[in-house]
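Single-structure report; data block below.
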Amino acid sequence: MLVIYNTLSKQKEEFIPLEKGKIKMYVCGPTVYDLFHIGNARSFINSDFIRKYLEYKGYEVSFAMNLTDVDDKIINKANAENKTPREVAEFFTRAFFDDIVKLGVKPATIYPKATEHIGDIISMIERLIQNGYAYNQDGNVFFDISKFKNYGKLSGKNIDDLIEGARVEINTAKQNPLDFALWKSAKPGEPAWESPWSTGRPGWHIECSAMSCKHLGDTFDIHAGGNDLIFPHHENEIAQSEAANGKTFVRYWLHFGFLNINNEKMSKSLGNFQTARDFLVHYSAETIRFFFAQTHYGAPLNFANEGLESAKRGLQKIDNLIQRITNSLESAVDVPDSLSAFDIAQFRTAFESAMDDDFNTPRACGVLFDFIRDANKALDAYPAAPRQLLIAIKEFLDITAAGIFGIASFEQANTNAPSLENELIELLISVRVEAKKQKQYQLSDFVRDELAKLGIVLQDGKDKTTFKKLS
RNA sequence: GGCGACGUACCCAAGUGGUUUAAGGGGAAGGUCUGCAAAACCUUUAUUCAUCGGUUCGAAUCCGAUCGUCGCCUCCA
């Protein structure tokens, strides 16, 4: 049974999709005005874990992620760089896709863009006005939160407290300081579309409502995003969508904890961020994915060098087993009963029960490492590598480490399959073995050291020397 | 000011009433292997869960207080 913590109810709930076997899922995507940072990457990668696990469970997942390509920040950036907002948006949209692929994130089913849904947005606003939830003030349309009785149900805020809070800006055009813009009339030079109210552009929140409803339906299963979106963004999405459609908007809300740096939220406005692109110069995608997987998606996570180094080393344990399997598969012998001594099904069950419990990736990682330890032990028990056991171990790793987590890869494992390079290395190894036999240790150490300089590490085993290429 | 989250070993981090006298990763120590190393693998590493009270047959887990950290209330994943 899959259980998900729902922000709306503040508790774990059994997950039952609206339509059997199918899941409609929406994650708030980027505003394409800059490269995204690793804090943003945390949301994308956590969504990726969740999506891949749901697919592993056999669900057909329709996964939509919006691209906000019209926004103040894009306009500002364009002005600052003497470009059109469209050029800025297109440039960073491409950059987004490049980086997401490098991070090993499976592309969403659809990436709706705000600028391609202006018609849907306008018709949703029209419905809101018709239903009495919105008003036009000199070409600006605002949502009237006093008309929506459940306003605050997601974030647990009450309207009076919010009004008292000193931080709500007074905007005289609004009837209530908490009302928010659905449509903004454009200033000269800004991107703008014709509408019944003014030549202008959509407000921030409405695009998500219009696009998610269009592509996933008026009611859909999962909506995820960063913790900071709970209020006001998601609160406003609920108000708009439910006021326009008269139906429950989203059934399960999940929110990602922040990536902190020096125990402070990493954010564009604080300037304490590192772009994902820059990060990938120093570390692999597998490292950051594993680093994220070791903390629950909802908990805050401090981004520190120590933690990344620790993740990087931990990953080697997985790689070593993959390397071991890849190398020994060729010379493996048939041992049909080799499976009986090692109960893989038990690990599969443990892995699933961890993931079924609100996508508990840290616990699932624990299962993975228990598995690795036991798999090594099981293999040690055989004088020659048993094919059936190797295949079963590989299968488990393929599903978990390589598949759902994307923190390891059999494709990238360096094989000792014949290639000129590998044969040359083998030749040097046999020279070294010969030198060792004759106790010419100076020569054998020379071969070892020189190969090490080339990134090839020799591993003297019991009766065979193997090698490993460092990437 | 309002609302909320969190505080578990040297570091990171699961566990939220008995199967846990607390998973897993890093680190450290020991071992196997080795000419020596390295790598790899194996083993060990918290009677204790911020502090103090309380509830309970039984708590890291529930309740209260205290201290500390962080977030939202403004754009933000």
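Every chain is numbered from 1, with letters handed out A, B, ... down the list of sequences.
- Below the 3.5 angstrom threshold, one finds a donor paired with an acceptor across the side chain of A/Arg448 and the base of B/A37.
- When Watson-Crick and G-U wobble pairs are counted only if both distances are under 3.5 Å, B/C36 pairs with no nucleotide at all.
- For A/Glu264, whose side chain is taken as the heavy atoms from C-beta onward, the closest listed nucleotide among B/C72, B/G71, B/A38 is B/G71.
- With hydrogens and angles disregarded, a donor-acceptor distance shorter than 3.5 Å links the side chain of A/Thr349 to the backbone of A/Ala345.
- Between A/Lys317 and B/G25 there is a side-chain polar atom (N or O) within less than 4.0 angstrom of OP1 or OP2.
- For the pair A/Thr295 and A/Glu309, nearest-nucleotide mapping onto RNA chain B gives the more 5' position to A/Thr295.
- With distances taken from any side-chain atom of A/Lys377 to the nucleotides B/U43, B/G15, B/C75, the minimum falls on B/U43.
- Rounded to whole Å, the distance from NZ on A/Lys153 to P on B/G4 is 18 Å.
- Aromatic ring orientation, A/His233 versus A/His205: tilted (interplanar angle from 30° to 60°).
- For the side-chain hydrogen bond (donor to acceptor under 3.5 Å, both in side chains) criterion with A/Tyr53, the lone passing option out of A/Asp48, A/Asp356, A/Thr400, A/Thr361 is A/Asp356.
- For A/Arg373, taking side-chain heavy atoms from C-beta onward, the closest of the listed nucleotides B/C75, B/G24, B/G71 is B/G24.
- Comparing A/Phe291 and A/Lys268 by the nucleotide of RNA chain B that holds the closest heavy atom to each, the one mapping nearer the 5' end is A/Phe291.
- Salt bridge annotation for A/Asp221-A/Lys24: absent, with no cationic side-chain nitrogen under 4.0 angstrom from a carboxylate oxygen.
- Heavy atoms of other residues, nucleotides or ligands lying less than 6.0 angstrom from CZ of A/Phe91 number 12 at most.
- Here the separation of B/C49 from B/A38, taken at their C1' atoms, is 39 Å to the nearest Å.
- Interface remark: the A/Lys157 side chain does form a donor-acceptor pair with the B/C72 base, using a distance-only criterion of under 3.5 Å.
- Proximity of A/Asn320 to the phosphate of B/C41: a side-chain N or O atom is located under 4.0 Å from OP1 or OP2.
- Taking atom C1' on both nucleotides, B/G27 is separated from B/U69 by 25 Å, rounded to a whole Å.
- Aromatic pair A/Tyr56/A/Phe49: ring centres not closer than 6.0 Å.
- For the pair A/Asn227 CG and B/C6 P, the interatomic distance rounds to 11 Å; values are reported in whole Å.
- When the C1' atom of B/C70 is taken as reference, atom CG of A/Asn272 falls 13 Å away, rounded to whole Å.
- On the C1' atoms, B/A59 is 12 Å away from B/U20, given to the nearest whole Å.
- No engagement by A/Lys312 is indicated, since no non-hydrogen atom pair under 4.0 Å with the nucleic acid exists.
- Of the C1' atoms belonging to B/U8 and B/U45, the separation is 16 Å, rounded to the nearest Å.
- Pair assignment for B/U55: none, as no Watson-Crick or G-U wobble contacts are both less than 3.5 Å.
- Whole-Å rounding puts the A/Phe369 CZ to B/C42 C1' distance at 16 Å.
- The aromatic rings of A/Phe342 and A/Phe371 sit tilted relative to each other, their planes meeting at an angle between 30° and 60°.
- Summarising the base pairing, B/U47 is matched to no nucleotide, lacking a Watson-Crick or G-U wobble pair whose two defining distances lie under 3.5 Å.
- Across every strand in view, B/G30 sits in a pair with B/C42 that passes the Watson-Crick or G-U test at under 3.5 angstrom.
- Residue-level contact check: A/Gln459 touches the bases, meaning some heavy atom is under 4.0 Å from a base atom.
- Atom CD1 in A/Ile372 sits about 13 Å away from atom P in B/G24, given to the nearest Å.
- Base pairing of B/A14: no nucleotide in any strand meets the Watson-Crick or G-U wobble criterion (both distances under 3.5 Å).
- B/A5 and B/G64: their P atoms are spaced 12 Å apart (whole Å).
- B/A60 is unpaired under the Watson-Crick or G-U wobble criterion, no partner having all donor-acceptor distances under 3.5 Å.
- Across all strands, A/Thr31 comes closer than 4.0 Å to no nucleic acid atom at all (heavy-atom distances).
- Listed by residue number, A/Arg432, A/Lys436, A/Tyr441 are the residues of residues 428-442 of chain A with a heavy-atom contact under 4.0 Å to RNA chain B.
- Between A/Lys377 and A/Asp380 there is no salt bridge, since none of the side-chain N atoms of the basic residue sits less than 4.0 Å from a carboxylate O of the acidic one.
- Looking at heavy-atom distances under 4.0 Å, A/Asp71 makes no contact with the nucleic acid at all.
- If you check every strand for non-hydrogen atoms under 4.0 Å, A/Leu368 touches nothing.
- Judged by distance alone with a 3.5 Å cut-off, a donor-acceptor contact links the side chain of A/Asp460 to the base of B/A37.
- In this entry the distance linking CZ of A/Arg324 with P of B/A40 reads 13 Å, nearest Å.
- At the heavy-atom level, A/Phe44 lies nowhere under 4.0 Å from the strands shown.
- For A/Asn360, a side-chain nitrogen or oxygen approaches OP1 or OP2 of B/G15 to under 4.0 Å.
- Within 4.0 Å of A/Gly39, counting heavy atoms only, lies at least one base atom of the nucleic acid.
- Atom name P, nucleotides B/G71 and B/G26: the rounded distance is 30 Å, in whole Å.
- On a pure distance criterion of 3.5 Å, no polar donor-acceptor pair joins the side chain of A/Ser310 and the base of B/G27.
- For A/Phe303 and B/C70, the CZ to C1' distance is 19 Å, given to the nearest whole Å.
- Considering only side-chain N and O atoms, A/Arg313 lies under 4.0 angstrom from the phosphate OP1 or OP2 of B/G27.
- With a 3.5 Å ceiling on both atom-pair distances, the Watson-Crick or G-U wobble partner of B/G68 is B/C6.
- Taking atom CG of residue A/Asn260 and atom P of nucleotide B/G7, one finds them 14 Å apart after rounding to whole Å.
- Taking atom P on both B/A29 and B/C72, the two are 42 Å apart, rounded to the nearest angstrom.
- A close approach under 4.0 Å does not occur between any side-chain nitrogen or oxygen of A/Lys10 and OP1 or OP2 of B/A5.
- Comparing the same atom, P, in B/A23 and in B/U48 gives a spacing of 15 Å after rounding to whole Å.
- Looking at heavy-atom distances under 4.0 Å, A/His233 makes no contact with the nucleic acid at all.
- Salt bridge A/Asp72/A/Arg201: present, at least one basic N to carboxylate O contact under 4.0 Å.
- Note on ring orientation: taking the six-membered ring where Trp is involved, the planes of A/Phe15 and A/Tyr252 are tilted (angle from 30° to 60°).
- Using a cutoff of 4.0 Å between basic side-chain nitrogens and carboxylate oxygens, A/Lys453 and A/Asp449 are not scored as salt-bridged.
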For residues 28-41 of chain A, dump all side-chain donor-acceptor pairs below 3.5 Å to protein atoms at least two apart in sequence or in another chain.
from    : atom 1 : to      : atom 2 : distance (Å)
A/His37 : ND1    : A/Gly39 : N      : 2.9
A/His37 : ND1    : A/Asn40 : N      : 3.2

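- No engagement by A/Leu270 is indicated, since no non-hydrogen atom pair under 4.0 Å with the nucleic acid exists.
- Among the heavy atoms of the strands lying under 4.0 Å from A/Gly257 is at least one base atom, whether or not backbone atoms are also near.
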